[in-house]
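Heads up, the thing below is written out as structure tokens.
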Amino acid sequence: MTTLPTRPTAPRRPSQLLALAQLVRAELRRLVRNPMYAIGTIGFPVMFFALFGLPVIHEVGPRNPNIGPVLLVQFAAYSLLSLAMFSFGAVVATERTGGWLRLLRSSPLPIPLYLTGKVGAALVFSAVCLLCLYTFAHFAAGVTLSLALSISVAVKLLLAMVPLIALGLCIGFLATPQAAQILANIVSVVMSFASGLFMPLSEMPTFVQRLAPFLPPYHVREIAANAVTGHAVAPLHWLALLAFTLLFGVLAIWGMKRDESREG
């Protein structure tokens, strides 16, 4: 009886979808294990809403009978802006200079998959932040949104977060960790005030009102505010966010390629 040799089988490589799921899981665990990060991204928006929103929550706005839902989505937009700046600005800069990205480049894991995993984890964490803010607004101020409207606003906010993520990647790939930390703080605070997230633009100086349309959070706020007030969203806001995504995305890719060339 003759035994024929069997053809050696190549080891099965895990699918990219499975690898992506594991990256998202690892990134979420990293975020949860950092209590200061969780406090900053979840606690600060709730605290700012309590300080700036609760005192005027029942005032009548010019475009809607109750300004509460508008204030809610404005601070939700700030929450996403802050998360994008620190998750993709300060953290990526630290991982880049600390050697983590260099290690990933030497492994079979594609760098785009690493970035996709960070985006997926950020979107999941953002949904948790929005849920916490919605819950606080409901019990502390009686601000209620229907389930369908809540889901619609959340989806629009998460979609509008893409250019903010691209901006964070620009900071992460172009700045040192110390500079990225400072820039993340400056960008999140300055853009929040200049885009009308903390106070109405009508109360801001004229030059700030003229500057606001050139900032991504302004268009995020307009999209979310129009969603809760029932007004039609002008296509210009989505087009502006698309333009910001392309601009910041190109700069982030250039910074990543420059970082790779330095290592080579």
Are Leu247 and Leu215 co-members of a hydrophobic cluster defined by side-chain heavy atoms under 4.5 Å apart? yes
Do Leu167 and Met191 come within less than 4.5 Å of each other through their side chains, counting heavy atoms only? yes
Measure from the side-chain N and O atoms of Ser152 to the backbone N and O of Ala148, and report whether any donor-acceptor pair falls under 3.5 Å. no
Would the distance check show the side chain of Ser188 and the main-chain N or O of Asn185 forming a donor-acceptor pair, the cut-off being under 3.5 Å? yes
Compare every heavy atom of Ala212 with every heavy atom of Leu201, then report the nearest pair and how far apart it is. CD1-CB, 3.8 Å
Quick one: side-chain hydrogen bond (donor to acceptor under 3.5 Å, both in side chains) pairs with a partner in residues 198-221, sequence neighbours left out? His219-His237
Closest non-hydrogen atom pair, Ala122 against Ser126: O-OG, 2.6 Å
Counting C-beta onward and ignoring hydrogens, is there a side-chain heavy-atom pair between Lys118 and Leu23 closer than 4.5 Å? no
Can you label the angle between the Phe248 ring and the Phe244 ring as parallel, tilted or perpendicular, going by 30° and 60°? parallel
Criterion ring-ring contact (aromatic ring centres under 6.0 Å, His included) on Phe48 and Phe75, from CA distance to verdict: CA-CA 8 Å; Phe48 288 147; Phe75 285 96; 7.4 Å; no
Identify whether Leu71 and Tyr78 are in the same connected component of the hydrophobic contact network (ILVMFWY, side-chain heavy atoms under 4.5 Å). yes
Are the side chains of Leu54 and Phe136 in contact, using a 4.5 Å heavy-atom criterion? yes
Does any part of the side chain of Leu115, heavy atoms only, come nearer than 4.5 Å to the side chain of Met256, both counted from C-beta? yes
Working to the nearest 0.5 angstrom, can you tell me the gap between Leu83 CG and Leu164 CG? 10.0 Å
To the nearest 0.5 Å, how far apart are CD in Gln178 and OG1 in Thr97? 7.5 Å
Mind checking what makes ring-ring contact (aromatic ring centres under 6.0 Å, His included) contact with Phe173, not counting sequence neighbours? none
Candidate pair Val119 and Val162, rule side-chain contact (heavy atoms from CB on, under 4.5 Å), full reasoning: CA-CA 9 Å; Val119 171; Val162 174; over 6 Å; no
Could you state whether Val91 and Val124 fall into the same hydrophobic cluster, counting links through intermediate Ile, Leu, Val, Met, Phe, Trp or Tyr residues with side-chain heavy atoms under 4.5 angstrom apart? no
For the residue pair Cys129 and Leu80, establish whether any side-chain heavy-atom pair is separated by less than 4.5 Å. no
Do you know the tightest heavy-atom contact between Ala252 and Cys170? N-SG, 3.7 Å
Only residue of Val143, Asn226, Val228 satisfying side-chain contact (heavy atoms from CB on, under 4.5 Å) with Val70 is Val228
Quick one: pull up OG in Ser150 and CG in Leu130 and give me the separation to the nearest 0.5 Å. 10.0 Å
Same cluster for Val220 and Leu197 if Ile/Leu/Val/Met/Phe/Trp/Tyr side chains link at under 4.5 Å? yes
Distance col, row Leu157:CG vs Ile223:CD1, nearest 0.5 angstrom, shows 8.5 Å
From Gln74 CD over to Phe49 CZ, what is the distance, rounded to the nearest 0.5 angstrom? 10.0 Å
For the side chain of Thr245 and the backbone of Leu241, is there at least one donor-acceptor N/O pair under 3.5 Å apart? yes
Would one find more than 12 heavy atoms of other residues, nucleotides or ligands at under 6.0 Å from atom CZ of Phe52? yes
Suppose we screen for ring-ring contact (aromatic ring centres under 6.0 Å, His included). Which residues come up paired with Tyr134, at least two apart in sequence or across chains? none
Within a strict 4.5 Å, meaning less than it, do heavy atoms of the Phe139 and Thr135 side chains meet? yes
Heavy atoms of Ala227 and Leu149 approach each other most closely as O-CD1, 3.5 Å
ILVMFWY network linking Met47 to Phe193, side-chain heavy atoms under 4.5 angstrom: yes
pair Met161-Leu123: side-chain heavy atoms closer than 4.5 Å: yes
Could you verify whether a donor N or O on one side chain and an acceptor N or O on the other, from Tyr114 and Glu27, lie under 3.5 Å apart? no
If you round to the nearest 0.5 Å, how far is CD1 of Ile186 from CE of Met85? 12.5 Å
Closest non-hydrogen atoms of Ile165 and Ala84, given as atom of the first, atom of the second and distance, are N-CB, 4.0 Å
Are Leu174 and Arg258 side-chain neighbours, meaning at least one heavy-atom pair lies under 4.5 Å? yes
Non-hydrogen atoms of Ala180 and Ala90 that approach each other most closely: CB-CA, 4.0 Å
